[in-house]
Asks: 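Pasting in a structure now, in structure tokens, and then I'll have a few things to ask.
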Number of protein chains: 2
Amino acid sequence: MGTRARAGNRLAAREALAQRVRGWAHLPFDPARCPVRSVLDQLGDKWTTLVVLVLTQGPHRFSAVQRAIPDISKRMLTQALRDLERDGLVARQVFPTTPPSVEYRLTPLGESLLEPLGALIAWAEVHMAGIVAARAGFARQRTARPAGA
Amino acid sequence: MGTRARAGNRLAAREALAQRVRGWAHLPFDPARCPVRSVLDQLGDKWTTLVVLVLTQGPHRFSAVQRAIPDISKRMLTQALRDLERDGLVARQVFPTTPPSVEYRLTPLGESLLEPLGALIAWAEVHMAGIVAARAGFARQRTARPAGA
DNA sequence: CGAAAGAGGTCTCACGATGAGACTAAGATG
DNA sequence: CATCTTAGTCTCATCGTGAGACCTCTTTCG
């Protein structure tokens, strides 16, 4: 695929999104029923996505996930896993050993999320430098301004 | 592109993500410095993404954005716009009229986000039905269980 | 025998973020 | 002179979040 074709794809993707958004205008505005909000709220849960990323590495037990994300509390981890289970993205399997052990793994639905999620993460890594630069510039503006004008 | 090739791409995308995650293992675990968290926290802000979606429709004034997202408060809208501006995704232009008017538009960086964001939204719309079904099943399980066992 | 550990949670409490809504400036309009 | 406009900011009550104690059951160690 040449540069020209790729640029075309990018434009097409943008226009497709814009049209999609335009299509929503007809719908009654009901935040609770909006799939996009549903999904983004979930991913924005600060932890859910991290958990999904850990599970890309294969099934994990509760404590293994916690080790992989040191700064999550048990409470939040439980909740993130429950939410993912509720939405059918993660499967929970209990082994009746003592002490009991529980294994979490991505379902096919959960795995299907990896594709768009990967795109987003790739974007984040590529553009991180630009964002950091923008932040620095913004901070400079803000600190320089108050005295002036 | 045939079905087979597309399936291959999907697998490749998943494996690529898994490898990317594996690569992070070497890094010192520093949540504050993680681009992925940075970006996802931002998008998960509940409002930021919605604002970006509104701006796909072209430049908007403050109040126009608010009309497009009725259930956002001024405070939160201001914050979302400021964050986006800070990160260089949105440009803010003030017209010194009275009363003043301010226009917000996506920057090229902001537009570059539309591609992966579009992928995520497409995923959300496609799989929403599955998620709703999973939720219903989960609720049934939970309500049925307490009496039993 | 008693103590501690280890898994997977739940519960409580304090704190920070969030939303509602009043308030501001500065001019145009009735 | 009162009122309307836009784009915010400010305060306060509420809500969600995170930290960490506590729980159950059994095995293992001293």
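These numbers were taken from a predicted model, which means no experiment stands behind them. In what follows, every chain begins at residue 1, and chains take the letters A, B, ... in the order their sequences are listed.
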Asks: Looking at B:Thr98 and B:Pro100, would you say the former's side chain and the latter's main chain have a donor-acceptor pair under 3.5 Å?
Replies: no

Asks: Figure out the CG/P separation between B:Leu77 and C:dG21, and round it to whole Å.
Replies: 17 Å

Asks: If you only use heavy atoms from C-beta on, which nucleotide in C:dG19, C:dA7, D:dT6 is closest to the side chain of B:Met76?
Replies: C:dG19

Asks: Whole-Å distance between D:dG8 P and B:Gln93 CD?
Replies: 13 Å

Asks: Between A:Trp47 and A:Asp71, is any pair of side-chain heavy atoms under 4.5 Å apart?
Replies: yes

Asks: For D:dG8, does either OP1 or OP2 sit under 4.0 Å from a side-chain N or O belonging to B:Arg92?
Replies: yes

Asks: Determine yes or no for a side-chain-to-main-chain donor-acceptor pair under 3.5 angstrom, with A:His127 supplying the side chain and A:Glu125 the backbone.
Replies: no

Asks: Separation of A:Asp71 atom CG from D:dA19 atom P, in whole Å?
Replies: 7 Å

Asks: Rounded to the nearest 0.5 Å, what separates atom CZ in B:Arg22 from atom CD in A:Gln57?
Replies: 4.5 Å

Asks: Quick one: is B:Lys46 getting a side-chain N or O under 4.0 Å of the C:dG19 phosphate, OP1 or OP2?
Replies: yes

Asks: Pick the closest DNA chain D nucleotide for B:Leu81 and for A:Pro99 by heavy atoms, then say which residue is nearer the 5' end.
Replies: B:Leu81

Asks: For D:dG8, take OP1 and OP2 only and decide whether either is under 4.0 Å from a side-chain N or O of B:Arg82.
Replies: yes

Asks: With respect to the side chain of B:Ser63, which nucleotide from C:dT10, C:dA20, D:dT6 is positioned closest?
Replies: D:dT6

Asks: Examine D:dG18: is either OP1 or OP2 under 4.0 Å from a nitrogen or oxygen in the side chain of A:Trp47? Give yes or no.
Replies: yes

Asks: To the nearest 0.5 Å, how far apart are CD1 in A:Ile121 and CG in A:Leu53?
Replies: 4.5 Å

Asks: Measure CD/A:Glu85 against C1'/C:dG8 and give the value in whole Å, please.
Replies: 14 Å

Asks: Could you check which of C:dG8, C:dT18, D:dT17 has an atom nearest any side-chain atom of A:Asp45?
Replies: D:dT17

Asks: Kindly say if B:Arg75 contacts the phosphate of C:dT18, meaning a side-chain N or O under 4.0 Å from OP1 or OP2.
Replies: no

Asks: Answer with base, sugar-phosphate or nothing: what part of the nucleic acid does B:Gln66 contact at a heavy-atom distance below 4.0 Å?
Replies: nothing

Asks: Taking only the side-chain nitrogens and oxygens of A:Arg61, find out if one of them lies under 4.0 Å from OP1 or OP2 of C:dG8.
Replies: yes

Asks: Could you tell me whether A:Tyr104 contacts a base, only the sugar-phosphate backbone, or nothing, with contacts defined as non-hydrogen atoms closer than 4.0 Å?
Replies: sugar-phosphate

Asks: Across the strands shown, which category fits A:Thr78 at heavy-atom distances under 4.0 angstrom: base, sugar-phosphate, nothing?
Replies: base

Asks: Atom NZ of A:Lys74 to atom C1' of C:dA7: distance rounded to whole Å?
Replies: 8 Å

Asks: Counting side-chain heavy atoms from CB outward, which of C:dA20, C:dA7, D:dG8 is closest to B:Phe62?
Replies: D:dG8

Asks: Report the distance from atom CG of B:Asp83 to atom C1' of D:dG8, rounded to the nearest whole Å.
Replies: 15 Å

